[in-house]
Amino acid sequence: MNLKKLLQDIPILEMRMVDGNADSIECNLQQIEIASVEFDSRKVCQQTLFVAQVGVHVDGHAYIDGSISKGAVAVVCQTIPAELKPNVVYIRVQDSNQVLGLLASNFYSHPSRQLKLIGITGTNGKTTTVTLLHRLFRMAGFHVGLLSTIVNQIDEEQIPSTHTTPDAVAINKLLAQMVESGCQYCFMEVSSHSVVQHRIAGLHFAGGIFSNITHDHLDFHKTMAEYIKAKKGFFDMLSDDDFALTNIDDKNGMVMVQNTRAKVYRYSLQSAADLRCKIVESTFEGLLLKVEAQLGNRRLPATEVHTQLVGRFNGYNLMAIYGTAVLCGIDPQDALVLLSQLRAAEGRFEYVKGHGVTAIVDYAHTPDALDNVISTINAIRLPHQYLTVVVGCGGDRDPLKRPVMAKIGAQGSNRLILTSDNPRTENPDSILDQMEEGLTLEQKAASLRISDRRAAIKTACMMAKEGDIILVAGKGHEKYQEIDGVRHHFDDREELEKILLS
């Protein structure tokens with residue numbers, strides 16, 4: 001793609017070249033061919049346009065000269081270097097982070113406009129919702145893409161995922177591959193980080209879903225107000241032709257959509273809404289739901305459906321999935337049939353049963369998510385069934401939630417075992433010290449502290465009696481444990497199976 005075409009609709013403040021005037025630069029733009037757009041100097045090759053991003057820890061401006069030496073022929077930056085290199089176009093912009101997304105979208109021919117991209121944001125439920133939407137639409141006969149915490153997918157082809165929302169270049173590249181493969185839809189997790197860091201700039205979303213918002217990521221956003229503002233920013237970017245589906249049982253549900261131009265629809269388990277469901281029955285085998293909807297002039301009669309997902313929190317996820325399916329044109333009755341066939345996403349309330357013991361693996365790593373899972377178990381288990389909760393907190397992340405997580409674990413269980421999650425670069429014992437601050441002296445005396453996660457899981461299994469329940473929370477689908485910056489293979493489900501299925 002030539003540079004002039006690549007820069008179409010980019011808000012440029014200034015362009016400079018060695019000994020170049022406006023006319024000569026304009027001529028060069030049409031002649032320069034760009035083979036790739038990169039913000040990581042390590043990936044720069046011949047005919048690259050390098051974008052100097054200003055990050056939290058690294059300033060890409062320090063890598064401009066190095067990128068040029070590797071073959072970059074154009075540089076997008078917020079500050080043009082004092083010394084210009086020959087045969088290079090320097091393009092100054094107000095915000096290079098935002099412009100990266102616009103450039104990536106241009107370079108890959110706007111793939112988000114060639115399929116229906118649906119995004120979901122919120123603290124909990126994002127991965128479950130996008131994963132099950134991907135499965136439901138596949139069952140309905142569509143070609144579908146997925147961008148999630150667990151994995152990125154093009155139909156059934158899996159591409160490993162490393163972040164909730166990839167960088168702007170990676171997103172557009174994946175979307176372009178989806179378009180080439182014939183995908184009609186893509187369902188995507190949208191993190192608060194990605195909104196603030198402009199990783200979704202330049203994307204066109206056909207719809208947005210809000211799940212809920214609770215305490216999380218305050219190590220990055222600093223305050224709940226800023227966290228909420230970041231989530232709301234996603235809905236602010238939607239257009240008149242899009243839909244916004246929001247959970248009005250969350251106190252911030254309507255805050256999210258108060259400035260959106262999109263058509264707003266509401267879902268609820270306890271209030272009057274466009275889409276509403278009542279939990280008729282809740283067991284370890286699933287939920288029996290009574291679902292009804294009023295979408296514009298179209299009223300959908302109340303219908304009961306049995307689903308294989310467990311817990312009240314999944315009632316909300318299922319409403320978001322059902323609402324999205326109907327808003328995207330799937331027949332309501334067909335959507336309910338497909339809903340009944342869905343199974344839980346990996347690492348979300350997954351079972352391992354053996355020796356009369358039921359162990360549950362769940363990704364719950366926020367106070368609200370942990371409380372939801374424990375409350376679900378307690379609403380279903382019988383009085384004689386003893387509940388042990390094994391939980392930790394990640395290192396290099398929000399420390400304020402650590403005592404809260406321990407308190408929730410102690411209050412909702414018969415036995416609490418505090419252990420390591422992903423300590424990353426922190427001392428595991430320091431994390432456990434902070435978690436214990438949330439316990440009373442009595443709770444602390446009744447709990448166990450085992451920093452080795454494998455040993456903690458084994459201890460929970462060895463102490464369990466027939467009929468008991470074990471919840472191993474925090475890591476869910478993750479197949480690693482990060483210690484001192486190194487990822488070691490570790491799988492909660494695998495550890496439980498070694499003990500309970502042997």
Side-chain angles (χ1 to χ4, degrees), residues 116 118-134 136-137 185 187-190 205-214 228 231-232 234-235 238 242-258 260 262-280 282 286-307 309-340 342 345 348 368-369 372 376:
K116 287 189 176 182
I118 312 295
I120 177 169
T121 196
T123 305
N124 302 311
K126 295 189 298 297
T127 301
T128 292
T129 302
V130 295
T131 301
L132 297 186
L133 276 167
H134 178 266
L136 185 148
F137 275 69
Y185 290 90
F187 298 103
M188 173 180 176
E189 290 188 51
V190 177
F205 287 88
I209 307 164
F210 171 70
S211 60
N212 53 68
I213 195 161
T214 59
I228 292 167
K231 296 287 188 187
K232 181 179 176 297
F234 168 57
F235 294 94
L238 298 178
D242 307 333
F243 72 81
L245 181 59
T246 189
N247 172 14
I248 61 168
D249 288 348
D250 186 284
K251 64 181 180 180
N252 288 297
M254 292 309 296
V255 172
M256 291 293 130
V257 297
Q258 65 185 10
T260 189
K263 173 63 176 174
V264 175
Y265 298 92
R266 305 156 183 84
Y267 68 96
S268 169
L269 265 65
Q270 58 192 44
S271 308
D274 301 295
L275 295 123
R276 186 179 181 186
C277 93
K278 177 183 178 182
I279 297 176
V280 179
S282 177
L287 293 167
L288 178 61
L289 305 177
K290 186 175 183 180
V291 180
E292 56 185 324
Q294 177 77 50
L295 299 175
N297 296 324
R298 187 180 187 188
R299 181 170 181 79
L300 309 177
T303 306
E304 286 192 356
V305 57
H306 185 273
T307 74
L309 274 66
V310 178
R312 182 180 177 82
F313 60 95
N314 270 321
Y316 287 103
N317 295 333
L318 289 163
M319 275 295 89
I321 294 163
Y322 177 65
T324 301
V326 175
L327 289 171
C328 287
I330 294 178
D331 179 81
Q333 290 302 122
D334 291 344
L336 288 175
V337 172
L338 295 171
L339 209 67
S340 70
L342 295 175
R348 271 66 178 177
D368 185 63
N372 281 337
T376 294

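- Inter-residue side-chain proximity for Pro332 and Arg298 is flagged as met; some heavy-atom pair is nearer than 4.5 Å.
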Output a table of donor-acceptor pairs, distance under 3.5 Å, between side-chain atoms of residues 314-330 and any protein atom two or more places apart or on a different chain; print 'none' if there are none.
| residue | atom | partner | partner atom | Å |
| --- | --- | --- | --- | --- |
| Asn314 | OD1 | Asn317 | ND2 | 2.9 |
| Asn314 | ND2 | Val310 | O | 2.8 |
| Tyr316 | OH | Asp249 | OD2 | 2.7 |
| Thr324 | OG1 | Ala320 | O | 2.8 |

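- Side-chain contact annotation: Asn124 with Asp368, donor-acceptor N/O pair under 3.5 Å present.
- Between Thr127 and Glu189, the closest heavy-atom pair is OG1-OE2, 2.7 Å.
- Here Glu292 pairs with Arg299 in a salt bridge; the nearest charged N to carboxylate O distance falls below 4.0 Å.
- You'll find the side chain of Ser211 stays beyond 4.5 Å of the side chain of Asn247, heavy atoms only.
- In this structure, the side chains of Asp250 and Phe210 come closer than 4.5 Å at one or more pairs of heavy atoms.
- When all heavy atoms of Ala244 and Val257 are compared, the closest pair comes out as CB-CG1, 3.9 Å.
- Looking only at distances, no side-chain donor or acceptor of Lys263 sits under 3.5 Å from a matching main-chain atom of Phe243.
- Rounded to the nearest 0.5 Å, atoms CG (Leu245) and CG (Asp274) are 8.5 Å apart.
- A distance of 9.0 Å separates NZ in Lys278 from CD in Glu304, rounded to the nearest 0.5 Å.
- The shortest non-hydrogen separation linking Ile209 to Phe234 is N-CE2, 4.3 Å.
- Rounded to the nearest 0.5 angstrom, Arg276 CZ and Gln270 CD are separated by 8.5 Å.
- In plain terms, the two heavy atoms of Leu132 and Ala345 that are nearest each other are CD2-N, 4.4 Å.
- The shortest distance between side-chain heavy atoms of Leu136 and Leu339 falls below 4.5 Å.
- With rounding to the nearest 0.5 angstrom, the CG atom of Leu287 is 7.0 Å from the CG atom of Leu309.
- Considering only heavy atoms from C-beta on, Thr121 comes within 4.5 Å of Phe235 through its side chain.
- Heavy atoms only, all atoms of each residue included: Lys290 and Ala302 are closest at CE-CB, 3.8 Å.
- You'll find the side chain of Val190 stays beyond 4.5 Å of the side chain of Ile120, heavy atoms only.
- In this structure the side chain of Val255 never reaches within 4.5 angstrom of the side chain of Ile213, judged on heavy atoms.
- In this structure, Thr246 contributes its side chain and Ile248 its backbone to no donor-acceptor pair below 3.5 Å.
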For this session: Show your working on side-chain contact (heavy atoms from CB on, under 4.5 Å) between Leu295 and Leu275 and close with a plain yes or no.
Result: CA-CA 8 Å; Leu295 299 175; Leu275 295 123; 4.0 Å; yes
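- Using a distance-only test at 3.5 Å, with no hydrogens or angles considered, no donor-acceptor pair links the side chain of Lys232 to the main chain of Ile228.
- No donor-acceptor pair closer than 3.5 Å links the side chain of Ser340 to the backbone N or O of Val305.
- Side-chain atoms of Asn212 do not come within 3.5 Å of backbone N or O of Gly122 as any donor-acceptor pair.
- Between Gly125 and Thr129, the shortest heavy-atom contact is O-OG1, 2.7 Å.
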